[in-house]
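A short worksheet on the structure shown next.
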Amino acid sequence: MQVTSTKKEIWTMGSYSLLTLAIMVGFMYLNTFATEVLVIPAATLATALLVARVIDFAVSLFAGAIIEKVKIGKKGKNQCWLYVGRWILAVSILLEVCNTSTAPMVVRVAVLAVSYTVLNSLMNVLQTAYYGVLAAVAGPNPANRNAMTINMTRQSTVVTIICSFIPTLVTVLPFGSWNYFVVAFAFMVPMPFALGMIADAADGKDLPVGEGPAGASVSVGDMIKTLTQNPQIMILFLAFTVLYTGQFMYQANYTYYFIYVVGDFTKLTVATLVSAGVGFVAAMIMPKVGSKLGKKGSCVFGFALFGVGLICVNFLAIENWIFYIIFMSMSMFGTYTYMPFMVTMFLDCGEYFLWKTGKDTRAVAAGLASPPMKIGMALGGSIGLYLLNSTGFMPGFTPDAAWPAKFMRASFMIPGFVYIAAALIMLLFYKISDTDAAKYAQENADKMAQK
């Protein structure tokens, strides 16, 4: 099919990437902020975040049902959540990296954990609402959906380049322990305006709560059934859960590679800037490769390539950080092969379930794109920190000669094999082809038009 959405719609929907810019300081560097600025022990941090992530995961399961059931305005059900939630999100972003280092330990942990919980729980609903707006604006045409997600991915490469400077900014800015807060504030400012424009794009297209076609109302039980009675979404859910577990195992600790193995945190700016530049090139090239491979093939290739990159970092980057740059940059080609299609794969599974059963749980299916990340964040993030703690790490310590090898195995090699496991799950068990997905979406749209 040909793309029929306007360029304005495609670019507006792509501006969702500015939300990534807004959350990136806390998302990527929260562990470093917590251990190096707030001086929270790694095991204490892991336990506090595990509790927060369990709550976050519980909310993620019901994000789709919340949007379907809870009315917070007169406009479309997804629009309203974007309008209201963006301001709560902005406050949470700032509280997450607020300098409470002079407060008692319990206060430091509580402020970080509560703001983290609110931010990520709300993100479940906002991300699901975005998917709903995207589906409404794009219509049933898969080419429109792919164009919007590919454009968002490409815009995100510019965001990634900007975020590459965070390690240097939080080190050299003259605000001391408030550097993280200042950078977070500056990066957050565009986000509320971007979400507002996205919500406006769905005027007249996004239905208010309770105004869908007969039979479209979704219960909490339907959410469970969408996952448990749809084998394909279950496989997709499992594969991405494993993938995210590996991702957050590695992301929990990689900053410590530059602090304690390389010995210079600002060098992370060079590494991430190069990686972001490569990512920009990859985002221009690899979605086309992914389209030719098909959504399933793009995942298998992308997951495996990133896993191999992490394993190579384990063996070669312990002595020379240039190898870290080389292999993590290589991994970017894997990421941008599948990233633009992740959301649409969950939508494909929702279309399949509607086509097969007549029950419209597409909003819930889109919402199920978030829980794998939440489970992976809870498992991978906490496992990564516990593994870091097991190496003998503690804030401000001086590592001995044996520590770097233990750290590299825990932070890169183990996550690399987890990535490869995710690739094998997709290769062996996921069955929906791109041709079938397009057929399901069109036939569903035809049936809805006849009602």
Side-chain angles (χ1 to χ4, degrees), residues 20-50 52-53 93-101 105 108-109 111-113 115-116 119-120 160 162-173 175-188 247-273 275-276 313 321 324 328 377 380-389 391-399 403-404 407-408 410-412 415:
T20 301
L21 177 66
I23 66 172
M24 192 56 72
V25 173
F27 187 72
M28 297 300 296
Y29 302 100
L30 185 64
N31 290 354
T32 308
F33 170 77
T35 59
E36 304 301 309
V37 176
L38 301 184
V39 199
I40 299 174
T44 302
L45 177 63
T47 302
L49 291 183
L50 179 60
R53 286 162 178 166
I93 287 167
L94 298 181
L95 286 177
E96 189 180 43
V97 290
C98 182
N99 178 23
T100 58
S101 58
M105 178 64 70
R108 284 177 264 166
V109 174
V111 170
L112 184 145
S115 58
Y116 178 95
L119 188 156
N120 286 277
T160 303
I162 298 171
C163 293
S164 299
F165 293 95
I166 294 174
T168 295
L169 290 173
V170 299
T171 302
V172 304
L173 286 177
F175 305 103
S177 297
W178 287 93
N179 281 352
Y180 285 86
F181 182 91
V182 171
V183 176
F185 177 82
F187 284 9
M188 176 274 295
Q247 176 181 324
F248 285 103
M249 287 175 67
Y250 132 72
Q251 288 185 351
N253 297 337
Y254 80 104
T255 57
Y256 300 111
Y257 168 74
F258 286 88
I259 295 173
Y260 294 104
V261 178
V262 177
D264 185 352
F265 188 43
T266 61
K267 282 189 168 63
L268 179 55
T269 290
V270 178
T272 53
L273 186 58
S275 181
V313 167
W321 65 284
Y324 175 96
M328 295 311 296
M377 189 183 298
S382 297
I383 291 171
L385 284 170
Y386 285 128
L387 286 173
L388 177 66
N389 191 69
T391 65
F393 169 86
M394 61 184 64
F397 87 131
T398 301
W403 186 83
F407 170 81
M408 298 297 282
S411 301
F412 296 105

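By the 4.5 Å heavy-atom criterion applied to side chains, Ile166 and Met28 are not counted as neighbours. Between Trp178 and Cys98 the shortest side-chain heavy-atom distance falls below 4.5 Å. Side chains of Tyr29 and Val170 form no contact here, defined as non-hydrogen atoms less than 4.5 Å apart. At a threshold of 4.5 Å between non-hydrogen side-chain atoms, the residues Leu21 and Cys163 count as touching. Using a 4.5 Å heavy-atom threshold, the side chains of Asn253 and Phe412 count as separate. Looking only at side-chain heavy atoms (C-beta outward), Val109 and Leu45 stay at 4.5 Å or farther from each other. Using a 4.5 Å heavy-atom cutoff, the side chains of Phe407 and Tyr257 are in contact. Between Arg53 and Asn120 there is no side-chain heavy-atom pair separated by less than 4.5 Å.
Here Ser101 contributes atom OG and Leu38 contributes atom CG; the two are 6.5 Å apart, rounded to the nearest 0.5 Å. One distance of note links CG of Leu50 with OG of Ser382; it measures 4.0 Å at 0.5 Å rounding. Taken to the nearest 0.5 Å, the CG atom of Leu95 stands 9.5 Å off from the CG atom of Leu119. Note: Met377 CE to Gln251 CD = 8.5 Å, rounded to the nearest 0.5 Å. Expressed to the nearest 0.5 Å, how far CD1 of Ile383 lies from CG of Leu388 amounts to 13.5 Å. Of the inter-residue distances, the one linking Asp264 atom CG with Thr269 atom OG1 reads 9.5 Å to the nearest 0.5 angstrom.
Heavy-atom contacts from other residues, nucleotides or ligands closer than 6.0 Å to CE of Met105 number more than 12. The environment of Phe27 atom CZ is dense: over 12 non-hydrogen atoms of other residues, nucleotides or ligands sit within 6.0 angstrom.
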Show, in sequence, the C-alpha distance, side-chain angles and deciding distance for Tyr116 and Val111, and conclude whether the side chain to side chain contact (heavy atoms under 4.5 Å, CB included) test is met. CA-CA 8 Å; Tyr116 178 95; Val111 170; over 6 Å; no
side-chain hydrogen bond (donor to acceptor under 3.5 Å, both in side chains), that's the test. Do Tyr324 and Ser275 meet it? Break it down for me. CA-CA 10 Å; Tyr324 175 96; Ser275 181; over 6 Å; no
Before you tell me yes or no, could you show the steps for Ile259 and Leu268 under side chain to side chain contact (heavy atoms under 4.5 Å, CB included), namely the whole-Å CA-CA distance, both residues' side-chain angles and the distance that decides it to 0.1 Å? CA-CA 9 Å; Ile259 295 173; Leu268 179 55; over 6 Å; no
Using side chain to side chain contact (heavy atoms under 4.5 Å, CB included), reason through Ile40 and Thr35 one step at a time and then give a plain yes or no. CA-CA 5 Å; Ile40 299 174; Thr35 59; 5.5 Å; no
Side chain to side chain contact (heavy atoms under 4.5 Å, CB included) between Thr255 and Asn31, worked out: CA-CA 9 Å; Thr255 57; Asn31 290 354; 5.7 Å; no
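The two residues Ala52 and Ala113 have their closest heavy-atom pair at CB-O, 4.0 Å. In plain terms, the two heavy atoms of Gly381 and Phe248 that are nearest each other are N-CB, 3.6 Å. In terms of heavy atoms, Met408 sits closest to Val313 at CE-O, 3.3 Å. The two residues Ala42 and Leu385 have their closest heavy-atom pair at O-CB, 4.3 Å. Shown here for Leu112 and Ala34, the closest heavy-atom pair between the two residues is CD1-CB, 3.9 Å. Shortest non-hydrogen contact noted between Leu94 and Ala184 is CD2-C, 4.1 Å.
Using a 3.5 Å distance cut-off with no hydrogens or angles, the side chains of Thr272 and Tyr254 do not pair a donor with an acceptor. Looking at Tyr256 and Thr32, their side chains never bring a donor and an acceptor atom within 3.5 Å of each other.
For the ring pair (Phe, Tyr, Trp, His ring centres under 6.0 Å) with Tyr180, the lone residue among Phe175, Phe187, Phe33 that qualifies is Phe33.
Counting only distance, with no hydrogens or angles, the side chain of Thr168 and the backbone of Phe165 share no donor-acceptor pair below 3.5 Å.
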